[in-house]
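So the structure is just underneath, and the comments pick up after that.
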Number of protein chains: 2
Amino acid sequence: MPTIYDVAREAGVSAATVSRVLNGQRTVDPDMVARVLTAVRELNYRPNAVARNLRRSRTTLWAVIISDIGNPFFTDTVRGIEDVAQQAGYSIVLCNSDENPAKEETYVTAALSEQMAGVIISSSGSAKAAKTLLDSPVPVVAIDRVLPRGTVDTVVVDNEAAARTATRHLLESGYERIACITGPEGVSTADLRLRGYVDALAVEPVVARTDFREQGGYDAMAGLLASPSRPDAVFVTNNLMTVGALRCLADRGIDVPGEMGLVGFDEIPWADLVRPSLTTVAQPTYELGRMAARLLVDRIAAPSAKPATVVLPAELRPRQSSTRPSPAS
Amino acid sequence: MPTIYDVAREAGVSAATVSRVLNGQRTVDPDMVARVLTAVRELNYRPNAVARNLRRSRTTLWAVIISDIGNPFFTDTVRGIEDVAQQAGYSIVLCNSDENPAKEETYVTAALSEQMAGVIISSSGSAKAAKTLLDSPVPVVAIDRVLPRGTVDTVVVDNEAAARTATRHLLESGYERIACITGPEGVSTADLRLRGYVDALAVEPVVARTDFREQGGYDAMAGLLASPSRPDAVFVTNNLMTVGALRCLADRGIDVPGEMGLVGFDEIPWADLVRPSLTTVAQPTYELGRMAARLLVDRIAAPSAKPATVVLPAELRPRQSSTRPSPAS
DNA sequence: GTGAAAGCGCTAACAT
DNA sequence: ATGTTAGCGCTTTCAC
């Protein structure tokens, strides 16, 4: 691979001039610019970003650490981040922790080692990863989930209120024994959505904790069906688990919404195509991403400003899965 | 941020020794190892990967450039890549081109500038990106889609055969006017699946070209419905477009599979939850990812070996959407 | 087994 | 407006 010196020699100028041309400084003679550009083309020269980053002691990369690449929630969120990042001159690298704290720690370490300009993270709950991040000088924005014990810029939805709304909706639909399937303790969305559910309920809550994955939702649903306190409706606190629960119900031939009402958190791209269509709590995903990216841009500009928390509203989308055909018998 | 010299000073050794300890060389006195490790901990030292990469003139990063992060196809594929990569000592960075050639070119350029150790790419069809890659010394593996005019390691499924099977399946189910919705010209999967469809058909083909996105599928379906050669079945060559077509059909209240048969390419996680459940051509996604990663490992080890093409089988999964309730009237 | 020193490729003072 | 030079933080000969 040719270096900047090869280009300089070819163009008959100094490396500094080549650098100036390539970085768009206007204090260069047009003739030289032309010569440099020709040399660049002829040698098929490509600047070595590693060297540049070392010299500048900074990069233009953001690490976006998400908890599950298979979760449609992140699709639009990442787009939102990317659109803002690009405009601000940053590129993003996606890291998929797969809800695995060890993987998350690996990616956090890598992001720091690679001198990333910033990190946007949806924490899988690893306190260690959070601490590493907080102990470092790297600008961080937490998205979707609060960073464990972290005082950083944060973008979330009003999880508790949305969960309350979802639960009340099931109550108003006539369901009486409403259970909740939620995610791991210590993950803010799991805990807050659970709290909203408990809050809306007048009776004793029935709670199943699992991971935020589809299989977890399946197993939790199966457990609830077999339990003595078998519910007649379930509030599930994320989309993947909702799919699992739905599949479990389908496998057992249990009628939704007749025998079992269902409300899921997070929109699912095909929620309206399933029969019964799925009642969900929809989040402004693209906007979440945009907002997180904006906060990160601001944070990089002003590292010591007071951290902000942005809370966006989520919205209940009632569909068939929570619409009881007839009142409880 | 502390440097290796800070650690060296703190431990009372030379930077070279710190480097040896950190890189696991066993020719270091155990006492010194202990002192270095203590100093590392006390200073919260983290090696600067940018400097290391520059010095070593190589990185341990792979760029994985996929064409649409929202496509479930890539979820398992990326997992397959990641599992092999990790084992081989590489980390992957995900780049989402969103079926946008310009974005793809940006990511390719970035991957080269950043001195990535390898690239795995699902081409969105940009000849420019392909050329840039081929003109560079970076090891490349094409996945899912053949690289335009590229002679590189490639992992694909037998698209033409699978498309033939899918089309024949519709014929055998009693459909007579079968259309095909496919992706952009120049994208190998779009072209090969179309060819398989044409091949299996005895009559004049009806073809709608669009992008590989959901909206494209919706619009293409709408167009077919309005056309004089309105089909009674459709073969759709990727999952996202299939969803779009399905939504279009649902919006218009057209009965599937009665009025319109449907077979989609690519499995969809919830294909069995939709009513009617979706007949699909399933690909071995995880295995595709693993295989691509293995090829990349081999290619890095032997840059001048002859490029390999691995063709994996795809499998038809007949479900309700292609099962005609009664023969054509 | 350990240290001194060079250099990866680039940018940014500084000098001219 | 252009060139010279130092140095970003690390690894790796090369001496000892």
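Side chains are part of it too, since the values below use all heavy atoms of this structure and drop only hydrogens, waters and symmetry mates. Every chain is numbered from 1 and lettered A, B, ... according to where its sequence line falls, protein lines coming before strand lines. What you see is a predicted model; the values in this text were computed from it and never measured.
Side-chain N/O atoms of B:Arg20 and base N/O atoms of C:dG3 include a donor-acceptor pair closer than 3.5 Å.
Between A:Val310 and A:Leu312 the shortest side-chain heavy-atom distance falls below 4.5 Å.
Note: A:Ile66 CD1 to A:Ile81 CD1 = 8.5 Å, rounded to the nearest 0.5 Å.
With rounding to whole Å, A:Arg46 atom CZ is found 16 Å from C:dG9 atom P. A:Asp6 places its CG atom 13 Å from the C1' atom of C:dC10, with the value rounded to the nearest Å. If you measure from atom CD of A:Gln25 to atom C1' of D:dG3, you get 14 Å, rounded to the nearest angstrom. Atom CG of A:Leu22 and atom P of C:dT11 are 7 Å apart (whole Å). When rounded to the nearest whole Å, the span between CD1 of A:Ile4 and C1' of C:dG9 equals 8 Å. Remark: P of C:dA12 and CZ of A:Arg58 are 7 Å apart, rounded to the nearest angstrom. Atom pair B:Arg52:CZ and C:dG9:C1' shows a separation of 18 Å (rounding to whole Å applied). Atom P of nucleotide C:dG9 and atom CG of B:Leu112 are separated by 16 Å, given to the nearest angstrom.
Just one of B:Leu37, B:Leu22, B:Val18 meets the side-chain contact (heavy atoms from CB on, under 4.5 Å) condition when paired with B:Val7; it is B:Val18.
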What pairs of nitrogen or oxygen atoms, one from the protein and one from nucleotides 6-8 of chain D, lie under 3.5 Å apart?
from, atom 1, to, atom 2, distance (Å)
D:dG7, N2, A:Arg55, NH1, 3.2
D:dC8, O2, A:Arg55, N, 3.3

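The pair B:Asp83-B:Arg290 fails the salt-bridge criterion, with no side-chain N (NZ, NE, NH1 or NH2) lying under 4.0 Å from an Asp/Glu carboxylate O. In this structure, B:Glu99 pairs ionically with B:Arg145, as a charged nitrogen and a carboxylate oxygen lie closer than 4.0 Å. Comment: A:Asp6 does not engage A:Arg46 in a salt bridge, judged by the lack of any side-chain N to carboxylate O separation of less than 4.0 angstrom.
Using modelled atom types, one finds no donor on one side chain facing an acceptor on the other under 3.5 Å when comparing A:Asn96 with A:Tyr107. Counting only N and O atoms by type, the side chains of A:Gln115 and A:Thr59 include no donor and acceptor under 3.5 Å apart. Side chains of B:Glu104 and B:Ser124: a donor on one and an acceptor on the other come within 3.5 Å.
Considering all non-hydrogen atoms of both residues, B:Ala127 and B:Arg149 come closest at CB-NH2, 3.3 Å.
Sorted by residue number, the members of residues 28-44 of chain A with any non-hydrogen atom under 4.0 Å from DNA chain D read A:Val28, A:Asp29, A:Met32. Against DNA chain D, the stretch residues 8-19 of chain B makes heavy-atom approaches under 4.0 Å through B:Ala16, B:Ser19.
At C:dG9, none of the side-chain N or O atoms of A:Tyr45 fall inside 4.0 Å of OP1 or OP2 (strictly under the cut-off).
Note on B:Asn53: nothing from the nucleic acid sits closer than 4.0 angstrom, heavy atoms only.
Judged by distance alone, with hydrogens and angles left aside, the side-chain atoms of B:Thr17 form no donor-acceptor pair with the main-chain N or O of B:Val13 at under 3.5 Å.
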